[in-house]
S.K.: 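The structure follows.
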Amino acid sequence: MAGPGEYLADVTEGITRVEDLPKPRITKQSRNYKRRPCPSCGRSAYRDRIVTRVLHDLGDLRANRPVDLRVRTSQHYCSHCDIYFNAETDDLALPKAHYTHRVVSMAVRLVVEDGLPYRTASWHLWRDHRVFVPFATIQNWVEAGGKKGGARRGHGVSGRGSGRVQRVHRRR
Ligand SMILES: [Zn+2]
């Protein structure tokens with residue numbers, strides 16, 4: 001056991017290929033329902049099939065591995081509106097996002113509050129949280145959440161294209 005302050009070599013030091021990085025630990029979540037209300041008309045819609053959504057989460061530091069969430073999500077069909085929709089996973093991540101809210105919040109905080117450059121924030125997330133986020137992705141998150149350094153808690157999102165802008169949730 002290492003004592004405090006003892007130097008621990010980063011096990012990923014010298015690794016240059018992504019495939020050589022430690023394999024993620026998989027955690028499973030379920031958002032699987034027989035019926036859900038249609039977001040358009042409110043009628044109850046039956047499950048049509050189950051899809052799996054994969055989200056990168058903050059890593060497992062004890063095991064020194066990344067963590068991926070596999071979310072089994074029911075997809076429903078509303079015959080009235082003739083549309084398919086998925087059960088909500090908004091509590092975990094934004095629609096179509098590949099990372100959980102926790103990862104986005106952490107990344108944005110490193111840049112906006114701690115003032116780290118994007119590349120340094122990316123490295124920090126890998127080294128201290130075992131989640132690999134390309135620095136350009138962090139840049140997108142920060143820019144969607146407000147100007148660097150100028151963002152205020154809870155007021156960082158500008159009005160442009162509100163449906164497409166990635167919002168940063170700060171509920172905790
Ligand atoms: Zn409907």
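Model, not experiment: these values are computed from the prediction.
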S.K.: Applying salt bridge (charged side-chain N to carboxylate O under 4.0 Å, His left out) as the test, list every pair that has at least one member in residues 52-79; sequence neighbours left out.
M.R.: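 Non-adjacent pairs meeting salt bridge (charged side-chain N to carboxylate O under 4.0 Å, His left out): R25-D60, D57-R102.
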
S.K.: Check whether the side chains of H80 and R43 place a donor and an acceptor atom closer than 3.5 Å, and report yes or no.
M.R.: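 Result is yes, a qualifying pair exists.
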
S.K.: Ignoring hydrogens and angles, state whether a donor on the side chain of N32 or R47 is under 3.5 Å from an acceptor on the partner side chain.
M.R.: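 Indeed, the side chains of N32 and R47 share at least one donor-acceptor pair under 3.5 Å.
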
S.K.: Among I50, D91, N86, which residue satisfies the side chain to side chain contact (heavy atoms under 4.5 Å, CB included) criterion with R31?
M.R.: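 Among I50, D91, N86, the one that satisfies the side chain to side chain contact (heavy atoms under 4.5 Å, CB included) with R31 is D91.
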
S.K.: Which atom names give the shortest non-hydrogen contact between Y33 and S74, and what distance separates them?
M.R.: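 Distance-wise, the nearest heavy atoms are N-OG, 2.9 Å.
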
S.K.: Say whether, by atom type as modelled, one donor and one acceptor occur between the side chain of H101 and the main chain of D90 under 3.5 angstrom.
M.R.: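 Flag set: sc H101 to bb D90 pair under 3.5 Å.
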
S.K.: Closest heavy-atom contact between G42 and P37?
M.R.: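 Smallest interatomic distance, heavy atoms only, reads O-CB, 3.9 Å.
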
S.K.: Counting only N and O atoms by type, is there a donor-acceptor contact under 3.5 Å from the side chain of S122 to the main-chain atoms of P134?
M.R.: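 Such a contact is absent between S122 side chain and P134 backbone.
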
S.K.: Hydrophobic cluster mates of L55, side-chain heavy atoms under 4.5 angstrom, ILVMFWY only, any path?
M.R.: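 Direct or chained contacts put L55 with L69, V71, L92.
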
S.K.: Which atoms form the tightest heavy-atom contact between V111 and A121, and what is the distance?
M.R.: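 Reported closest heavy-atom pair: CG2-CB, 3.8 Å.
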
S.K.: In terms of relative ring orientation, are W126 and F132 parallel, tilted or perpendicular, with 30° and 60° separating the classes?
M.R.: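 Judged by the thresholds at 30° and 60°, the geometry between W126 and F132 is perpendicular.
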
S.K.: Heavy-atom count check: over 12 atoms from other residues, nucleotides or ligands less than 6.0 Å from Y46 OH?
M.R.: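 No, OH of Y46 has 12 or fewer neighbouring heavy atoms, counting only those of other groups under 6.0 Å.
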
